[in-house]
Amino acid sequence: MTSKTVEDDKYVWLEDVEAEKCLDFAKSSNDKCLQALGDPKDGPTYDRVLSVLESEDRIPHVSSYGRDEAGERILFNFWRDKANPKGIWRKTTASEYKKEELKWEVVLDVDKLAEKDGISWVWKGASALARKRDPMSDNGRVVTRVLMNLSRGGSDATHLKEFDLLSGEFVPEGEAFILPEAKTRASFKSRDVLLVGSDFGPESLTDSGYPRTVREWARGTAVEDAPTVFEGEKTDVAVNGYIADERSFGGSLWQIHSRSITFYTSKYYMAKLTEDHLLPQSERPEGLPELEFKELDIQEDAEIDYYCNMLFISLRSDWTPKEGGKTYKTGSIIYCDWETFLSEGKGGTDYKVLFEPTDRTAYEYMTCTKDYMIVSTMNNVKSKLHFYKIGDGGNSLTLVSEDSDPKIRDCSVRPIDAIESNEFWFTLSSYTQPSTLFLADAGKVEEPVESAEDKFIVTKLKQLPEQYDSSGLVVEQRMATSKDGTEIPYFIVMKEGVELNGKNPTLLYGYGGFEISLGPHYVATSGLAWLERGGVYVEANIRGGGEFGPSWHQAALKANRNKAYEDFIAVGEHLIESKICKPKTLAIRGGSNGGLLMGNMYIMRPDLFGAVHCAVPLLDMKRFNQLLAGASWMAEYGNPDTSDWEDFLYKYSPYHNIDESVESYPPMLVTTSTRDDRVHPAHARKMVKKLWDLGEGKDWPIYYYENIEGGHGGAADAKQSAFMTSLAYDFMFATLTKNAEAMD
C-alpha cells in the first residue's frame with residue numbers, strides 16, 4: 001500500500017504547461033489521436049454541430065442597461081456566429097427585440113479587437129456600474145460604464161478593461177481602470193472608485209491563486225498606491241469586496257467584505273455607508289466617520305443573500321441561533337431584518353422560514369422583481385416555482401402563488417429591471433423541447449384566473465427551432481439502488497418502444513460534486529450527435545451533487561467519495577439489468593470533477609463500460625492541491641499533504657491506481673486544454689503517458705487530444721467546440737456500434 005501511494009512521480013515534467021517538450025508531447029499525441037480516430041471534421045457530426053453552434057436561430061438572450069433618451073429599454077446581447085467566431089457585443093431596444101427580424105447595433109467586435117491587438121481574445125463578460133451610484137446616468141436612466149473581462153485563449157485569468165457605453169469606446173489609458181492578466185475580482189464602488197482584488201505581487205494571492213486582498217482604487221491613481229481595505233489569510237480560497245445597494249427598495253447602502261475560507265465556508269463583514277463614503281478617499285468631507293465593519297454572526301458554512309431590508313441565510317448544517325430556541329434544518333433558507341441582525345446579533349433577531357427541505361426537495365435559487373420574490377425549488381429533481389409578495393416596505397414576504405406540481409423541465413427566471421418593473425424573462429426547455437423565451441410579469445400571478453399554469457406569462461418572444469429530430473423520443477425518470485440501499489434517480493431519453501436487446505448505444509453522463517445539480521435541459525449537440533443516431537442518453541443524479549440539497553452533496557465528501565462512485569456504478573448496472581444496453585454498448589462521459597469520476601470508473605470497473613470520454617479531468621489526487629486552483633478544492637476532496645492521503649484519498653486517485661495486471665481496459669478518450677488554468681492539463685497528460693507506458697503490448701486503447709486554446713471549457717470558439725464535441729461523440733458512438741455488431 002505504502003509503495004503505491006508514495007511512489008516517485010516520474011511524469012512530473014509534464015506539469016510545465018508551455019515547456020517545449022510538453023507542447024511537443026501534446027501535439028504528437030493529437031496527431032496520433034487523429035490518425036487513430038480520424039479527423040472529426042471529416043466525420044458525420046462536425047458540420048451539424050458547428051451549424052447549431054453558429055446558427056442564427058439561437059435565442060439572443062439579453063440584459064437591460066436602462067433606457068434611451070426616448071424612454072425605450074436598452075437591451076444588450078453577446079453573440080457568436082459563423083461571421084463572428086469570437087463574438088460581438090451588441091444592443092437593441094425592447095420594441096425592436098419583439099420583432100422576428102430585429103436590428104442590432106454593434107458595440108464591440110471581439111474579432112476585430114483580437115486582430116488589432118494580436119491576441120486571441122475570448123469574451124468573459126462585463127459588469128455594469130450601478131445607475132444609482134453614477135452621476136452621469138441621467139438620474140439613473142442609463143448604464144454608462146462597464147468593467148470588461150477578456151481572456152487570452154479562454155483561460156480563467158482575464159484582462160480588465162473599462163468601457164464607456166456613451167462613446168462606444170474603451171476609456172482612454174490614464175483615465176481608465178485597466179489591469180493585466182490575473183484572476184481579478186473587481187466591482188464599481190462608485191463611478192470613480194473600484195473595490196478590486198488581483199495579482200499585486202508577492203503575498204497578494206491565496207494558495208489557490210485568487211485574490212487575498214481588497215484594495216480601494218480611485219480613478220487617476222496607480223493601483224499600487226491604492227489602500228488595502230481588507231485582507232484574508234494565505235490559506236483562504238479567496239477574498240472579495242462589493243457594494244449592496246438596496247436604497248431603491250427601501251433598504252440601505254452596505255459595503256460587504258468576505259473571506260472564502262474553504263470552498264464551503266466563509267466569513268462576512270458588513271458596514272453601512274453614506275453617500276460620502278462612495279467618494280474617493282481624497283475627496284471625502286473632513287470628519288467623515290470611518291466605516292465600522294461587523295462580522296456576521298452566522299455559521300461559517302452558511303451563505304447569505306439580501307433584498308430590501310431582509311437578510312437571507314442559506315444553511316448547510318443545522319443551526320440554533322438562539323440558546324434553547326428553534327433549530328433550523330440543513331438546507332433551509334431563513335430570513336430576518338438585516339439591521340436588527342447586525343445590531344442585536346443572532347440571539348436578538350426574529351427569524352422566518354422561506355424554505356425547509358424534505359428528503360427529496362431542495363432549494364435552487366431566488367430572484368426579485370420590484371414587488372415580488374420568485375423562488376425555484378426542486379422536488380425529486382423536478383422544477384417548481386413559488387411567488388412571494390414583498391410587503392411592509394421591504395420587510396415581509398407573503399406566498400401568493402406557486403406551481404401546482406413539480407415538472408420535468410428546466411426553467412430560468414431573470415428580472416428585466418428590478419428597480420422599476422415586475423417583468424422578467426422566463427425561459428423553458430427540457431431534454432427534447434428546445435428553449436422558449438417568454439416575457440412574463442410577476443404581478444399576473446395575483447390575477448383571478450382559474451387553473452392556469454404559468455399564468456405569469458405575457459407573451460412568447462423567441463423559440464429555438466428543433467435542432468435535431470426528437471420525434472418518437474420519450475423522457476423517463478427511473479431509480480437505481482446504490483450499494484448502501486440509497487435510491488439514485490436518473491433521467492433516460494430514448495425512442496419509444498426501444499428494443500430491449502442490450503445493443504442500444506447508451507451514453508451515461510455524470511458529475512457528482514460541488515453541490516452542482518443535473519436536470520432536464522435542451523442540449524442540441526447531444527441530440528444530433530447521439531439521440532438522432534438511435535442512441536440512448538442518460539444523466540445520473542448521484543450523490544455529491546445538489547439535487548437534494550446540502551445533505552446530498554455532503555454524503556459524498558472526502559472519505560465518503562466512494563458513495564458517488566457506487567451511485568454511478570449502480571445506474572450503469574441498472575441500465576444493463578433493464579436490457580437497455582450491455583457493458584460493451586455502454587459509454588460514459590464526464591468533465592472536470594466528472595473527469596475524476598470517469599477516471600475512477602475506468603480504474604474501478606473496466607468490465608462495466610465499453611467506452612469512456614474523460615474531459616478536462618482531475619486524476620492525480622496526490623498533487624492536485626499544488627496545481628493551479630487545486631488548493632481551493634480540498635474542502636471537497638481532502639488534503640493529500642495530511643493523513644487524508646493514506647486514509648482515503650489514494651483510493652480514488654486514478655493516476656495512482658492503474659492496475660498493471662489488467663489485460664483489458666475499455667477504450668478511453670482523454671481531452672483537455674493547454675489554456676485551462678483551473679484544472680491543470682498535467683492531470684490528463686500524466687495519466688495518459690503513464691497508461692501508454694504501462695500498457696505497452698496490452699489491450700489498453702488510450703487516445704489523447706489537448707486543445708491548445710480553450711480554458712476549462714475546452715474550446716475558445718465555435719469551431720473548436722464543434723471539433724472537440726464531434727471528436728468525443730464520434731469516438732464513443734463508433735466504438736459502441738462496432739461492439740454491438742460483434743454481438744450478432
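Side chains included, hydrogens not; waters and symmetry mates left out as well; all remaining heavy atoms used.
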* **N-O pairing of Asp245 and Lys132 below 4.0 Å** => no

Can you tell me if Thr330 uses its side chain to pair, donor with acceptor, with the backbone of Asp318 under 3.5 Å? yes

Review point. Taking the side chain as C-beta and beyond, is there a heavy-atom pair between Leu291 and Val229 under 4.5 Å?
Key: no

For residues 295-325, the ring pair (Phe, Tyr, Trp, His ring centres under 6.0 Å) pairs (sequence neighbours left out) are Phe249-Tyr307, Tyr306-Trp338, Phe312-Tyr335, Trp319-Tyr351

- Message: What verdict does the side-chain contact (heavy atoms from CB on, under 4.5 Å) test give for Gln433 and Tyr522, after you've listed the backbone C-alpha separation in whole Å, the side-chain angles of each residue and the deciding distance to 0.1 Å?
- Response: CA-CA 6 Å; Gln433 296 299 312; Tyr522 190 74; 5.6 Å; no

Closest heavy-atom pair, Asn560 versus Ala555, reported as atoms and distance to 0.1 Å, is CB-O, 3.2 Å

inquiry  = Side chains of Asp276 and Thr274: any donor to acceptor distance under 3.5 Å?
reply    = no

Next on the checklist: Taking the side chain as everything from C-beta on, heavy atoms only, tell me whether Leu160 gets closer than 4.5 Å to Asn149.
Outcome noted: yes

Checklist entry - Is there a donor-acceptor contact under 3.5 Å linking the side chains of Arg191 and Thr144? => result yes

To the nearest 0.5 Å, atom CD1 of Ile298 lies from atom CD of Glu303 at 9.0 Å

Within the 4.5 Å heavy-atom criterion, are Leu428 and Asp454 side-chain neighbours or not?
yes

To the nearest 0.5 Å, atom CZ of Arg414 lies from atom OG1 of Thr369 at 14.5 Å

Item to check | Any donor-acceptor pair under 3.5 Å from Arg247 side chain to Leu253 backbone | outcome: no

Quiz prompt | Phe491 and Tyr431 aromatic ring geometry - parallel, tilted or perpendicular at 30°/60° bounds | solution = tilted

Please check: side-chain N/O of Arg212 versus main-chain N/O of Asp236, any donor-acceptor pairing under 3.5 Å? no

Between Lys322 and Asp350, the two heavy atoms sitting closest are NZ-OD1, 3.2 Å

Do any N or O atoms from the side chain of Trp552 and from the backbone of Ile542 form a donor-acceptor pair under 3.5 angstrom?
-> yes

task: Report yes if the distance between the aromatic ring centroids of His553 and Tyr264 is under 6.0 Å, otherwise no.
output: yes

Lys382/Asp403 ion pair, N-O < 4.0 Å
no

To the nearest 0.5 Å, atom CG of Asn422 lies from atom NZ of Lys370 at 7.0 Å

Ion pair present between Arg409 and Glu453, side-chain N to carboxylate O less than 4.0 angstrom? no

Residues Ala556 and Lys563: closest non-hydrogen pair is CB-CB, 4.4 Å

Pro357 and Ser332 have their tightest heavy-atom pair at CD-OG, 3.5 Å

Review point. Got a donor-acceptor contact below 3.5 angstrom from the Thr206 side chain to the Ser208 backbone?
Key: yes

In short, ring pair (Phe, Tyr, Trp, His ring centres under 6.0 Å) pairs touching residues 362-383 with sequence neighbours left out are none

Exercise for review: In sequence, state the C-alpha distance, the side-chain angles, and the governing distance for Leu342 and Leu296, and then conclude on side-chain contact (heavy atoms from CB on, under 4.5 Å).
Suggested key: CA-CA 7 Å; Leu342 277 181; Leu296 275 188; 3.6 Å; yes

Correct closest heavy-atom pair for Pro640 and Gly638 would be CD-O, 3.6 Å

Q) Would you say His257's side chain and Gln255's backbone share a donor-acceptor pair under 3.5 angstrom? A) no

Strictly below 4.0 Å, N to O, side chains only: are Asp644 and Lys558 in salt-bridge contact? no

Got Val400 and Lys389 here, is their nearest side-chain heavy-atom distance under 4.5 Å? yes

- prompt: What orientation do Tyr637 and Phe624 show, parallel under 30°, tilted 30 to 60°, or perpendicular over 60°?
  reply: perpendicular

- Between the side chains of Ser482 and Asp567, is a donor N or O closer than 3.5 angstrom to an acceptor N or O? yes

Donor + acceptor pair across side chains of Glu446, Ser401 (<3.5 Å): no

Does some side-chain heavy atom of Ser64 sit less than 4.5 Å from a side-chain heavy atom of Leu75? yes

Please verify the inter-ring angle class for Phe188 with Phe177; under 30° counts as parallel, over 60° as perpendicular, anything in between as tilted. perpendicular

For Arg284 and His277 the tightest heavy-atom approach is NH2-O, 3.1 Å

* Asked: Does the side chain of Met310 reach to within under 4.5 Å of the side chain of Leu354, using non-hydrogen atoms?
  -> no

Donor-acceptor pair, distance only, cut-off 3.5 Å: does the side chain of Glu231 make one with the backbone of Thr213? no

So Phe514 and Tyr511, would you call those rings parallel, tilted or perpendicular, with 30° and 60° as cut-offs? tilted

For this session: Check step by step if salt bridge (Lys or Arg N to Asp or Glu O under 4.0 Å) holds for Lys267 and Glu300.
Result: CA-CA 6 Å; Lys267 287 182 179 290; Glu300 288 186 356; 3.0 Å; yes

Inset, instruction - May I ask you to check whether over 12 heavy atoms, not counting those of Asp359, lie within 6.0 Å of atom CG? - result: no

* Asked: Is it the case that Asp301 and Thr265 place a side-chain donor and acceptor less than 3.5 Å from each other?
  -> no

Kindly say whether Gly209 contributes a backbone atom to a donor-acceptor pair with the side chain of Lys183 at under 3.5 angstrom?
-> no

dist Asn309:CG -> Asn395:CG (nearest 0.5 Å) comes out at 4.5 Å

Checklist entry - Between Ser517 and Glu547, is any pair of side-chain heavy atoms under 4.5 Å apart? => result yes

Residues passing the side chain to side chain donor-acceptor pair (under 3.5 Å) test with Asn562, sequence neighbours excluded, are Glu566

| message | With a 4.0 Å cut-off on N to O distance, would you call Asp134 and Arg145 a salt bridge? | response | no

Original post:
Are the side chain of Ser421 and the backbone N or O of Glu423 linked by a donor-acceptor pair below 3.5 Å?
Top reply: yes

One should read off an interatomic distance between Leu195 CG and Ser190 OG, to the nearest 0.5 angstrom, of 8.5 Å

Establish, for the pair Arg185 and Tyr210, whether the NZ or CZ atom is under 6.0 angstrom from the six-membered ring centre and no further than 45 degrees off its axis.
-> yes

More than 12 non-hydrogen atoms from neighbouring residues, nucleotides or ligands closer than 6.0 Å to NZ on Lys483, yes or no?
no

Please tell me if the side chains of Val146 and Tyr65 come closer than 4.5 Å, counting only heavy atoms from C-beta onward. yes

In this structure, CG of Leu273 is separated from CD1 of Ile243 (nearest 0.5 Å) by 5.0 Å

Report the C-alpha separation of Val381 and Phe548 in whole Å, then their side-chain angles, then the decisive distance to 0.1 Å, and conclude whether the side-chain contact (heavy atoms from CB on, under 4.5 Å) test is met. CA-CA 8 Å; Val381 206; Phe548 300 112; 3.8 Å; yes

Check against side-chain contact (heavy atoms from CB on, under 4.5 Å), Asn541 and Leu518
CA-CA 6 Å; Asn541 303 117; Leu518 301 182; 3.8 Å; yes

**Item:** Backbone of Thr340 reached by a side-chain donor or acceptor of Asp337 within 3.5 Å
**Value:** yes

